[in-house]
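Whatever order the structure lists them in is the order used to number ligands and atoms, beginning at 1. These numbers come from a predicted model, not from an experiment. Computation of the quantities below employed the complete heavy-atom set of this structure, encompassing side-chain atoms and omitting hydrogens, waters and symmetry-equivalent molecules.
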Amino acid sequence: MKSKEEVLAFIKRLSPLQRVIIQAHDFPDHDAISSAYALSVLLSHYEISTLIVYNGEIDRISLSNLIQWLEIPIYHCSQVKLNPSDKIINVDGCIGEKNVTDVPGDEIAVIDHHTIKPTKSFWFKDIRSDYGATATIIWEYYKLLGIEMSVQVASALLVGLNVDTANMTRGFCKADIKAFVYLNARSDLTFVNRVLRNTLMQGELRNFEHAFRNLSVDNGVASVLLPEPCPKNMLGMLGDFLLSVNEFDVVIVAVKQNNGLQLSFRSECQSVDVGRLARETLNNTNRGFGGGHSHMAGGIILPEYISMFTDKNNYFKPFIKKISEWRA
Ligand SMILES: [Mn+2]
């Protein structure tokens with residue numbers, strides 16, 4: 001938890017800058033964008049001008065609805081000219097992680113709720129891995145600094161908090177509940193619920209159909225390889241959906257991407273930490289990269305190791321094997 005003095009000292013250090021870049025993680029989600037937006041509005045109270053950027057794609061309809069309806073000024077990093085002299089705040093992600101592109105400029109701060117170990121030093125570092133969403137951290141800054149929150153900012157943060165915690169059913173702490181109560185009272189709930197309800201496009205239903213037909217189940221672990229092309233965030237959506245099936249408590253959803261394999265994990269099993277599963281099975285063996293929370297994680301398998309995971313008789317074996325060991 002940061003003190004008011006620490007947050008103010010950081011803001012004071014930003015003051016002389018012509019602009020501050022706020023960078024969401026690549027393929028940003030609702031939490032990343034709403035947190036970046038809320039931080040940008042907060043800094044505008046101190047007359048600090050900001051530019052919100054991201055790399056990758058915004059590939060969820062609910063997220064483009066959120067951005068469009070609230071008119072959140074956000075730019076793909078290729079749309080704006082970033083300079084090596086720019087100062088960057090990483091939000092809901094951290095430089096050095098696979099999902100944060102190293103864009104021109106100097107990363108001077110990180111505000112995140114993932115389990116990360118930054119390797120460089122920052123002006124300001126606020127990492128709270130027990131928090132359900134970065135949105136809660138930003139809400140706390142508003143509270144700490146006594147800044148009145150607009151309905152738009154509250155609504156955006158509530159969307160971020162709800163999406164990251166699956167409507168307060170996973171990975172949240174007391175602070176998230178406090179934020180939820182406040183944001184709920186302050187938001188335009190009709191708007192928030194409209195964003196949260198409309199999560200799919202008709203064309204995406206074919207991914208569900210494919211999952212139904214090609215699902216593989218092994219001792220409570222459901223896994224499926226989706227056909228390309230598939231929006232990256234679709235993996236998580238489908239993972240959440242499959243986890244809602246009573247018989248499954250761990251889900252692995254994958255799709256081939258750039259010759260590698262993109263993975264999304266979900267778990268509701270106490271003895272299966274999927275963040276650890278990704279790290280141990282991919283990073284520690286140099287077969288790829290991965291990480292995340294105990295209940296929700298992601299990863300990439302390098303091209304040369306794909307067959308080890310996707311062979312018919314070997315379907316996701318390295319994961320299934322480890323999960324069985326942990327369950328035993
Ligand atoms: Mn998040």
Side-chain angles (χ1 to χ4, degrees), residues 2 22-40 42 52-60 62-64 66-67 70 72 74 89-101 107 109-118 125-142 153-180 183 192 195-196 199 232-237 239-240 243 264-267 273-275 278 290-299:
K2 292 281 175 196
I22 302 178
Q23 184 187 3
H25 60 71
D26 302 349
F27 293 87
D29 59 11
H30 305 71
D31 185 35
I33 288 186
S34 53
S35 296
Y37 167 57
L39 181 63
S40 155
L42 184 146
I52 308 173
V53 301
Y54 70 98
N55 198 13
E57 275 169 58
I58 290 168
D59 59 6
R60 300 298 326 146
S62 59
L63 189 52
S64 32
L66 178 77
I67 293 167
L70 287 181
I72 297 175
I74 175 162
I89 304 175
N90 287 157
V91 168
D92 199 37
C94 182
I95 190 71
E97 296 293 309
K98 286 287 157 198
N99 67 341
V100 177
T101 300
E107 295 78 15
V110 53
I111 302 167
D112 194 8
H113 72 122
H114 293 90
T115 311
I116 50 166
K117 287 194 191 83
K125 187 170 70 176
D126 196 352
I127 299 162
R128 310 188 204 179
S129 50
D130 55 326
Y131 275 42
T134 301
T136 299
I137 305 177
I138 306 287
W139 170 73
E140 285 188 357
Y141 295 159
Y142 274 79
V153 168
S155 303
L157 290 178
L158 185 56
V159 168
L161 177 57
N162 274 323
V163 172
D164 259 21
T165 62
N167 301 313
M168 306 298 274
T169 61
R170 69 178 175 206
F172 62 95
C173 67
K174 271 189 190 149
D176 297 304
I177 299 173
K178 280 190 196 156
F180 180 82
L183 295 172
V192 169
V195 171
L196 294 174
T199 54
K232 204 172 139 112
N233 284 320
M234 188 71 211
L235 299 183
M237 303 254 322
D240 286 335
L243 198 64
S264 178
F265 302 93
R266 292 289 186 274
S267 171
D273 174 336
V274 282
H293 308 279
S294 60
H295 56 279
M296 174 166 75

Item to complete: Can you sort out the partners of Tyr131 under ring pair (Phe, Tyr, Trp, His ring centres under 6.0 Å), two or more places apart, ordered by chain and number?
Response: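 So Tyr131 forms no ring pair (Phe, Tyr, Trp, His ring centres under 6.0 Å) with any residue.
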Practice prompt. Would you give the length of the straight line joining atom CG of Asp59 to atom CE of Met234, rounded to the nearest 0.5 angstrom?
Written response: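 Rounded to the nearest 0.5 Å, the CG-CE separation comes to 10.0 Å.
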Discussion item. If I compare all heavy atoms of Thr165 with all of Met168, which pair ends up nearest, and what's the gap?
Written reply: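 The answer is OG1-N, 2.9 Å.
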Under 2.8 Å from the Mn ion (ligand 1), can any N, O or S atom of [X] be found?
| X | answer |
| --- | --- |
| Asp164 | yes |
| His113 | yes |
| Asp31 | yes |

Fill in: Residues which pass salt bridge (charged side-chain N to carboxylate O under 4.0 Å, His left out) with Glu107, listed by chain and number, not counting sequence neighbours
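Here the qualifying residues are Lys120.
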Item to complete: Provide the atom name of the closest N, O or S atom of Asp92 relative to the Mn ion (ligand 1).
Response: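 Nearest N/O/S atom of Asp92: OD1.
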